[in-house]
Amino acid sequence: MNESVIGNETRVPLPWIQESDGNFSLELSSLRPLFAINPWDIMLCISGTIIACENAIVVAIICYTPTLRTPMFVLIGSLATADLLAGVGLILNFVFQYVIRSETISLVTVGFLVASFTASVSSLLAITVDRYLSLYNALTYYSEKTILWIHLMLIVTWGVSICLGLLPILGWNCLEDNSSCSIVKPLTKSNVTLLSASFFIIFILMLHLYIKICQIVCRHAHQIALQQHFLTASHYVATKKGVSTLAIILGTFGASWLPFAIYCVVGEYDYPSVYTYATLLPATYNSMINPIIYAYRNQEIQRSMWVLFCGCFQSKVAFRSRSPSDV
């Protein structure tokens, strides 16, 4: 029987014995047999597969549909690309974790996932900013200034995401000092604290902007109703629907990421790994829900899907063009 030595401790890798330190690790363990697969890793891989398939369709539709070149669809394409890469990263992490065992690949994989999920969350903020601008500056929204602003947001989003993803590869990891590890090895405690703080800032900004959007939507609806000299039931229904949709969007985002972000701050590297898995898995669901909320509900993308999958478009089916401010 082969033995593995870590530090001064000798362990025998039996297939029915699990690691006792309880540390969740994106680092590839040299002790794990090929046939002892963690069911949590299987669920993460399944989640990544669904995420990749969903968002690959969105990316394909936006890339091959010339009419989908407005700022709104560019940002949706950025979100779908980030989520697609995140899904691919979860699949690669599973493959490398049980097939190829290398610290270098572990660093590359975790860096890839950090960059992808950071780009996904940042793209959500960019979409929120775009929706706010489309309402606040409705008359000048389609100007060249807006296009420049959108491109600038994309550059900042992906630039910051790539930089954060490169940090573990460039040396900000705990491979040489386990005491500095976070709940996600090989990321350090200070690294995940930085990522969590960034998430909290983005969440607060999105909350503030969506409150502003709700105020603008309600004010516009009220002004329209006053111009018609009465408040109709449709005005109340439309306002309630818009506010409810915004609440669902922000609530889904918060419910998916807040538990993991909070646990990254309060958790320690020697805590049982089940806590990390139980908070990380719902976070991946946000990338699974994003294409449904931001892409598949859009009428233009629905029409493009008809063309893509059916090969024809039936003109008798009514599709309403949605404005960027539609929620």
Side-chain angles (χ1 to χ4, degrees), residues 24-26 28 37-65 68 73 75-100 105 108-127 157-158 161 165 184 195 199 245 248-261 263 273-298 300-302 304-306 308-310:
F24 173 86
S25 176
L26 289 174
L28 310 179
I37 300 179
N38 190 328
W40 285 100
D41 290 328
I42 295 177
M43 288 188 287
L44 284 175
C45 183
I46 294 175
S47 178
T49 303
I50 298 174
I51 291 170
C53 293
E54 282 183 332
N55 289 280
I57 296 175
V58 177
V59 172
I61 290 174
I62 293 178
C63 288
Y64 290 99
T65 306
L68 302 182
F73 290 111
L75 293 175
I76 291 177
S78 172
L79 174 63
T81 301
D83 287 332
L84 170 61
L85 294 177
V88 172
L90 290 173
I91 298 173
L92 293 178
N93 176 68
F94 178 83
V95 173
F96 292 146
Q97 192 169 356
Y98 291 97
V99 178
I100 304 175
I105 294 180
V108 172
T109 303
V110 70
F112 186 82
L113 286 171
V114 168
S116 300
F117 281 119
T118 302
S120 175
V121 173
S122 300
S123 294
L124 289 175
L125 176 61
I127 291 175
T157 291
W158 285 95
S161 300
V184 181
L195 295 175
F199 167 81
T245 303
I248 291 173
I249 292 173
L250 194 62
T252 301
F253 176 64
S256 298
W257 276 106
L258 276 176
F260 182 67
Y263 186 61
S273 61
V274 64
Y275 298 150
T276 303
Y277 279 113
T279 53
L280 177 61
L281 188 61
T284 65
Y285 292 161
N286 186 67
S287 295
M288 194 183 302
I289 298 172
N290 281 339
I292 299 175
I293 294 178
Y294 295 95
Y296 294 136
R297 291 175 62 250
N298 186 280
E300 296 295 330
I301 290 182
Q302 290 177 10
S304 299
M305 289 181 63
W306 273 97
L308 180 64
F309 292 109
C310 299

*Between the main-chain N or O of N38 and the side-chain N or O of Y98, is there a donor-acceptor pair closer than 3.5 Å?*
yes
*Option among L90, D83, L195 that satisfies the side-chain contact (heavy atoms from CB on, under 4.5 Å) test with F117*: L90
*Determine the minimum heavy-atom distance between P282 and Y277, stating which atoms define it.*
CD-O, 4.3 Å
*Go through the structure and list residues passing side-chain contact (heavy atoms from CB on, under 4.5 Å) with L125, not counting sequence neighbours.*
V129, I202, L205, M206, L209
*Distance from F253 atom CZ to N286 atom CG, nearest 0.5 Å?*
6.5 Å
*Going by atom types only, do T157 and S123 share a side-chain donor-acceptor pair under 3.5 Å?*
no
*Counting heavy atoms not belonging to Y275, are there more than 12 under 6.0 Å from its OH?*
no
_Tell me the closest heavy-atom pair linking I248 and T252, and the distance in Å._
O-OG1, 2.7 Å
*Would you say the side-chain atoms of S78 and W158 include a donor-acceptor pair closer than 3.5 Å?*
yes
_Under 3.5 Å donor-acceptor, N93 side chain and G89 backbone_ = no
*Atom pair CG/CZ of L281 and F260 - distance to nearest 0.5 Å*: 11.0 Å
_Exercise: identify the closest heavy-atom pair between P259 and G254_ = CD-O, 3.8 Å
*T65 side chain vs I62 backbone, donor-acceptor pair below 3.5 Å*: no
*Drop me the distance from W257's CH2 to T284's OG1, to the nearest 0.5 angstrom.*
8.0 Å
_Interatomic distance, C53 atom SG to I50 atom CD1 [nearest 0.5 angstrom]_ = 8.0 Å
*Out of curiosity, L92 CG to L85 CG, how far, rounded to the nearest 0.5 Å?*
10.0 Å
*Are any non-hydrogen side-chain atoms of F73 and N298 less than 4.5 angstrom apart?*
yes
*To the nearest 0.5 angstrom, please state how far the CD1 atom of I51 sits from the CD1 atom of I289.*
9.5 Å
*Provide the closest heavy-atom pair for L124 versus Y294 in the form atom of the first, atom of the second, distance.*
CD2-CE1, 3.4 Å
*For the student: nearest non-hydrogen atoms of Q302 and Y296, plus distance*: NE2-O, 2.9 Å
*Within the distance-only criterion (no hydrogens, no angle test), does the side chain of S120 pair as donor or acceptor with the backbone N or O of S116 below 3.5 angstrom?*
no
*What pair of heavy atoms forms the shortest contact from S304 to I61, and how long is it?*
CB-CG2, 3.4 Å
*Measure the shortest side-chain to side-chain distance between E54 and N290 over non-hydrogen atoms and say whether it is less than 4.5 angstrom.*
no
_Residue pair L44 / F94, side-chain heavy-atom distance below 4.5 Å_ = no
